[in-house]
Amino acid sequence: MSRPEPPGKPGGGSDIVWSIIGTLVAGVLAWGAIGWLLDRWLGTEFLVAVGILVGAAAAFYLIIRRYGGG
C-alpha cells in the first residue's frame, strides 16, 4: 500500500508547470517594467524590449537551473 504525500511537499506535475509559468511571467514583467522606467527616465525607446528579453533569458536560466535534469 502506498503512502499519501504529506501536504506542502512539492512534486506534483501541475505545481511544476505553474511554477515555470509564474517564473517566466514574473521575469518578463519585472524586467520589462525596469526597461520601461529607464526608457521614461532616459528618453529612449528600446530599453523596454531589452528588459523583456533580459527577463525572459533570466527566467529560462532559473528554470533550467531548478528543473534541468543535469
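Model, not experiment: these values are computed from the prediction.
- Residues satisfying the side chain to side chain contact (heavy atoms under 4.5 Å, CB included) test with Ile34, not counting sequence neighbours, are Trp31, Leu38.
- Within the structure, every pair that satisfies the side-chain hydrogen bond (donor to acceptor under 3.5 Å, both in side chains) test and touches residues 43-53, not counting sequence neighbours, is listed here: Asp39-Thr44.
- Leu42 and Phe46 fall within the same hydrophobic cluster, defined by Ile, Leu, Val, Met, Phe, Trp and Tyr side-chain heavy atoms under 4.5 Å apart, directly or through other members.
- Note on Val28: it does not cluster hydrophobically with Val17, by side-chain heavy-atom contacts below 4.5 Å among ILVMFWY residues.
- Note: the hydrophobic cluster containing Ile52 also contains Leu37 (ILVMFWY, side chain heavy atoms under 4.5 Å, direct or indirect links).
- Every side chain to side chain contact (heavy atoms under 4.5 Å, CB included) that Ile63 has, sequence neighbours left out, goes to Ile20, Thr23, Leu24, Tyr67.
- Following chains of ILVMFWY side-chain contacts shorter than 4.5 Å, one cannot reach Leu53 starting from Trp36, and the two form parts of different hydrophobic clusters.
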